[in-house]
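Chain A is the first sequence line, chain B the second, and so forth, proteins listed ahead of strands; every chain is numbered from 1. On a predicted model such as this, the values are computed, not experimentally measured, just so you know.
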Amino acid sequence: MSGDHGYKDYQMDSGARISDSQRHKDKHRDKEHKHKDHKKDKEREKSKHSNSDHREPSEKKHKDREREKEKERVKHKDDSLERHKDKEKRREEKMKSHSADGKHKREKENGFASPPRIKSENDDNGYYHSPKHEKSVKRQFEEDEVEYKPKKVKVENEKKAKKRKHEDYYEDEEEEEDVKPKKKTKDKKQETAGGKKKVKKEPEQKWKWWEEERATDGSKWRFLEHKGPVFAPPYEPLPGHVRFYYDGKPFKLSTSAEEVATFFAKMLDHEYTTKDAFRKNFFKDWRKEMISEEKGKLTDLNKCDFSELSEYFKAQSEARKQMTKEEKLKIKEENERILEEYGFCVMDNHRERIGNFRIEPPGLFRGRGNHPKMGMLKRRIRPQDVIINCSKDSKHPKPPSGTKWKEVRHDNKVTWLASWTENIQGSIKYIMLNPSSRIKGEKDWQKYETARRLKSCVDRIRNQYREDWKSKEMRIRQRAVALYFIDKLALRAGNEKEEGETADTVGCCSLRVEHIKLYPEMDGQEYVVEFDFLGKDSIRYYNKMPVEKRVFKNLQLFLENKQPEDDLFDRLNTSILNKHLQELMEGLTAKVFRTYNASITLQQQLKELTCSDDNLPAKILSYNRANRAVAILCNHQRAPPKTFEKTMQNLQTKIDEKKKQLSSAKKELKSAKADAKTLHDDKSRKAVETKKKAVQRIEEQLMKLEVQATDREENKQIALGTSKLNYLDPRISIAWCKKYEIPVEKIYNKTQREKFAWAIDMADEDFEF
DNA sequence: AGACTGACTTAGAAGCGTCTCG
DNA sequence: CGAGACGCTTCTAAGTCAGTCT
């Protein structure tokens, strides 16, 4: 590309930086002076009345562009246009070369995609494979076990199922079981245990979807039937004796205002309610729910007294705890009944667990970190807000009596069963299946297969980005350095976010100058970069890392003439980065590096840490340590649990006690020594010895306690669950279990075993990531 | 080309049930 | 045998990323 313009490129860049920083400031100014409408507001208002304050997105865009242009004109009239063209040209070139590649095919992911089959002449719908016909190469080895599966039966099953549609999936299960004679024991158990009603109990657990062919046409299912979501229970007004006070006097609230008041009252103990933004947002939205009389009178949140409501709710939850066993059981049974009815759907002949079948109840929005919208009212979702997705030929879910769904659609290109638009960000929320379901499991498996493919070409990619550090083009260098961070530090991609709509957090591509510090030398190491920023969920990422000289020099270059609030990578965004990655490997995106590095780290660490001679707890400790290494890599943290303080306090008092003990023991030792000096007898000398030993012992105990405390301290900050659930190829863990004869239950609980059933079934001890 | 949006994964906190220890 | 610790489940916010629209 623009080969000989390397340095010019950098210079031009500093120009861009200036305008960038200005844009930033401008945005801030903008935010202060102009009330920006939210997406959801737009949504809500679009249909009804148009808001005068409301700016169309395109108009806004336009204005922004205008402003930016203006600035550029002022700052560096001459080269700005040039640069623009230059940039555009390069982009164009890239786009061309990219689009030439055409679309990638996702279906090859697991390496067993069949050739684009034209099958299904006999398939009513014609867009999905019946599971039987071909087995993949990859799956062949499992075939011995399942060969007996009479393929024809499967076909028949399908056809039958289609004919009778959804009618009765229990029957399917029976058939399913008939088909698997080898599982006799279990089958029998099930038959006897649940021949009738109980059939529903773990019916599908043995469905090995991973042995079946996957659809290659992008359809996610052929048949889908469910009962629709469960709505939040209606609001129950407070009993008369529980009163809200305004300005010290009881004030009877209207039902709608009262409901919102209870949301606040329930959170009264939470730190949230003391935050300005929270209170402001809450009060604004609360007032919207008030009747005009209330609006006139209740003008100051500080004069509102919710304490009686709060007490009432506390008493209620206390009462719930005090319920008798029978009452508790009754509630439990009722919950189970609801779960049975609404917690499952039928997808392609199999009864599958739904992940979240309850619609989110109304309440106050609790954003993470410093969220500008904290405290806003999350409104109640009604049937007319909900879109249902199911098979045309299924029994459609019935909306609660007297209501209607917003829409019933039949889109089998998506996996959700129901959706609605949430009013805080205007985003869509979905009802989807449980992680144990086929649809989630396949995707998960595929994710790890992509990461494994990265393993085979990661060296090439690394060499390339190292080369790119020397590129003459700024954008290439930035891309290469960013990729290095993503690879080495497991940073997230870092999409751009709309300012003022969410908490100010960043990922790799959205890092700003203020988030890194460069130290040519630090603690005896050269070229140290210090990272300090808030990532996803406003979790702080803090890390100091020595980098290669080239990276360091590049970073210095990127920082030149920039303000703290300017983008570090001003020539890069996630879309550019991912397009590049896509060219390097099919299906490669930024997040694959996280998966890859997490899994490979686990595998390495397990190899390194496990001793075959160790006993079981020691091995499990090794596993947890390996897991922790990954959690640290991925920066998976959690706030210390509430009980943590107490636990630590207890520990601390123990330590303090020990310290006291120690000092008194030391005193005793001292006086014993003094005695010995004056008395010079054996007895006193012995006393000195015993005192000495006592001091030593207490010192040791103290040290132990202190170590325990720090250990706990460290551990409490790290969350192992997220990496275990989302980043570590379960087959690595399963292989490890098999190799060292460790029961899987020791590392995966029931839910996790359900989610990873595919891995548990297919991985043997030789599995290598 | 860039904005917007939909669909889906990833994330920590809260809630809840059970186990343990005094 | 009750309180607190702990592990699991539920909840839903907050990301990623690709496709569509303008």
Under 4.0 angstrom, heavy atoms only, what part of the nucleic acid is [X] near: base, sugar-phosphate, or nothing?
| X | result |
| --- | --- |
| Arg353(A) | sugar-phosphate |
| Thr574(A) | nothing |
| Leu725(A) | nothing |

Out of [options], whichever nucleotide has its closest atom nearest the side chain of [X]:
| X | options | value |
| --- | --- | --- |
| Ala590(A) | dG6(B), dC17(C), dT16(C) | dC17(C) |
| Lys378(A) | dT12(C), dA7(B), dT9(C) | dT12(C) |
| Asp537(A) | dT9(C), dT10(B), dA11(B) | dA11(B) |
| Lys429(A) | dT9(B), dA13(C), dC8(C) | dA13(C) |

Review point. Hey, which of these two, Thr722(A) or Ile439(A), hits DNA chain B nearer its 5' end, going by closest nucleotide?
Key: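 It is Ile439(A) whose nearest nucleotide is closer to the 5' end.
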Check your understanding: Is a side-chain donor or acceptor of Asn281(A) paired with a backbone partner of Pro372(A) at a separation under 3.5 angstrom?
Key -> yes
Practice item. Using modelled atom types only, decide if a donor and an acceptor are shared between the side chain of Gln752(A) and the backbone of Asn749(A) within a distance under 3.5 Å. Key: yes
Point to revise | Contacting residues from residues 360-370 of chain A, given that a heavy atom lies under 4.0 angstrom of DNA chain C | key: Glu360(A), Pro361(A), Phe365(A), Arg366(A), Gly367(A), Arg368(A)
**Study point:** Pair Phe357(A) + His226(A): ring centers closer than 6.0 Å
**Key:**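 Judged by ring-centre distance (under 6.0 Å), Phe357(A) and His226(A) do not meet the cut-off.
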Review point. How does protein reach along nucleotides 16-22 of chain B, written 5' to 3' as B (base within reach of a heavy atom under 4.0 Å), S (only sugar-phosphate), or - (no contact)?
Key: -------
Check your understanding: Between Asp504(A) and Arg512(A), is there a side-chain N and carboxylate O pair less than 4.0 Å apart?
Key ->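 So Asp504(A) pairs with Arg512(A) through a salt bridge.
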Check your understanding: Would one find a side-chain N or O of Asn495(A) under 4.0 angstrom from OP1 or OP2 of dT16(C)?
Key ->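 For dT16(C), OP1 or OP2 has a side-chain N or O of Asn495(A) closer than 4.0 Å.
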Review point. Of all residues at least two apart in sequence or in a different chain, which pass the side-chain contact (heavy atoms from CB on, under 4.5 Å) check with Asp444(A)?
Key: Lys447(A), Tyr448(A), Lys755(A), Phe756(A), Trp758(A)
